[in-house]
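What follows is a short report on a single structure.
Note that ligands are numbered from 1 as they come in the structure, with each ligand's atoms numbered from 1 the same way. Not measured: the values here are computed from a predicted model.
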Amino acid sequence: MKPSVLVVNCGSSSIKYALISAEPNQPRLAGLAERLGSSNARLKGVDSQGRAFEQALTDTDHTRALEAILDRLEGRLPDAVGHRIVHGGERFTRAALIDDDVAAAIEETAALAPLHNPANLQGVAATRQLFPDLPQVAVFDTAFHQTLPPRAYRYALPEALYRDHGIRRYGFHGTSHAYVSERADTLSSLVGGGWLTAHLGNGCSTAAIWEGKSLDTSMGLTPLEGLMMGTRSGDVDPSLHAHLSRQLGWSLERIDDVLNRGSGLLGLSGLTNDMRELEDAAGEGHEGARLAIEVFCYRIAKSLAALSCALPRLDGIVFTGGIGENSPLVREKVVAHLPHFTLGLDRAANARTVRGREDRIDGRHPAAPRLWVIPTDEEGRIAAETRQLLEENNA
Ligand code: ADP
């Protein structure tokens, strides 16, 4: 029997989990422990009947939260644990079995992802404590983009910054871009087509994928580069830091905080980072909301057009992530900014493709690139990569 995998995505104060069986008729058990370390920590999820549950967690660190999660697995025990790890640097080009050496390498890479990798490692430590005999696998957000050629991943900076300090573009959301592009191949009966993928959630990124390999992507050294996001600015003039420091006396911490948590849809609208609320507000005439949506969509189109340079042939564009899957308005506006791609949106198909529907939303003209909406499945992909690695190791 194929192993069932507990997928763990551990943040500094949260653990997202999903128990995923390879048997098609076994339902996923999934949920989220949040606000860990605070007095109002909670565990929310769904059981095998699809019923939602929520419970308070007291005195909770990551290990205790995992114990509470274990109690919610209805007696089904995992055969392996798959961890989402944000940054794998240049060493990890694919998933890796976690031993002391791999854990140390993840820790070393924390210089490049100081907010994420240490939190991910807390999850690894807690699951190793709880399941000392189970294989633990690290699946990296950056690994899929390790196929970028140097012309796409190097910054035009002094060589020593790359050589001695690893300053280069890495890219993120790799499991999502890998999953939806592979799915687009399958749905289109293509073997290794040319895809532009747009993952539009709270974090947003685009990627150019050819024959199953990422050739360019919009995020860089950190997830701040590229598209405008929920609360992140995306690309700004690199001199902005110096300007804000010299002219306004802002500290590096303040600048970092504004660009990461006070900008994007939230900053530009002055209202919210939630696209649903922005669409409603724009409909009621809110100028900030309208502008935020305009800039957001224009920048996605601009990024897709730029990334198309990486592809020998464009077979289609894939929208995914909470916004990409659910916002016909955003998809329509993005497509409208790319008239030279002759995309041909099917408006009715676009309007009905929401809430987890996987569908093709172009007019199906044989010469036109396809437009797909494909709900992402990062957890499913992490489970699949975990299984594949274990199979290879046992072969
Ligand atoms: P995360 O990156 O945190 O995983 P998601 O992929 O869930 O986030 O995406 C969250 C975004 O999706 C939010 O901006 C939310 O408003 C947006 N979203 C979800 N449903 C809709 C909808 N029906 N219409 C427009 N935007 C939506």
Looking at Tyr170, does the NZ or CZ of Arg168 lie under 6.0 angstrom from its six-membered ring centre and within 45 degrees of the ring axis? yes
Tell me which one of Leu221, Asp216, Thr222 satisfies side-chain contact (heavy atoms from CB on, under 4.5 Å) with Arg169. Asp216
In terms of side-chain geometry, is the basic nitrogen of Arg91 or Glu108 positioned less than 4.0 Å from the acidic oxygen of its partner? no
Whether the side chain of Ser48 engages the backbone of Pro27 through a donor-acceptor N/O pair (distance < 3.5 Å, no angle test) should be reported. no
Between Ser214 and His145, a side-chain donor and acceptor under 3.5 Å: yes
Polar side chain donor-acceptor pair, His177 to Thr197, under 3.5 angstrom: yes
Quick one, list the residues around ligand 1 where some non-hydrogen atom comes in under 4.0 Å, by chain and residue number. Gly201, Asn202, Gly203, Asn273, Asp274, Met275, Arg276, Glu279, Gly321, Gly322, Ile323, Asn326, Ser327
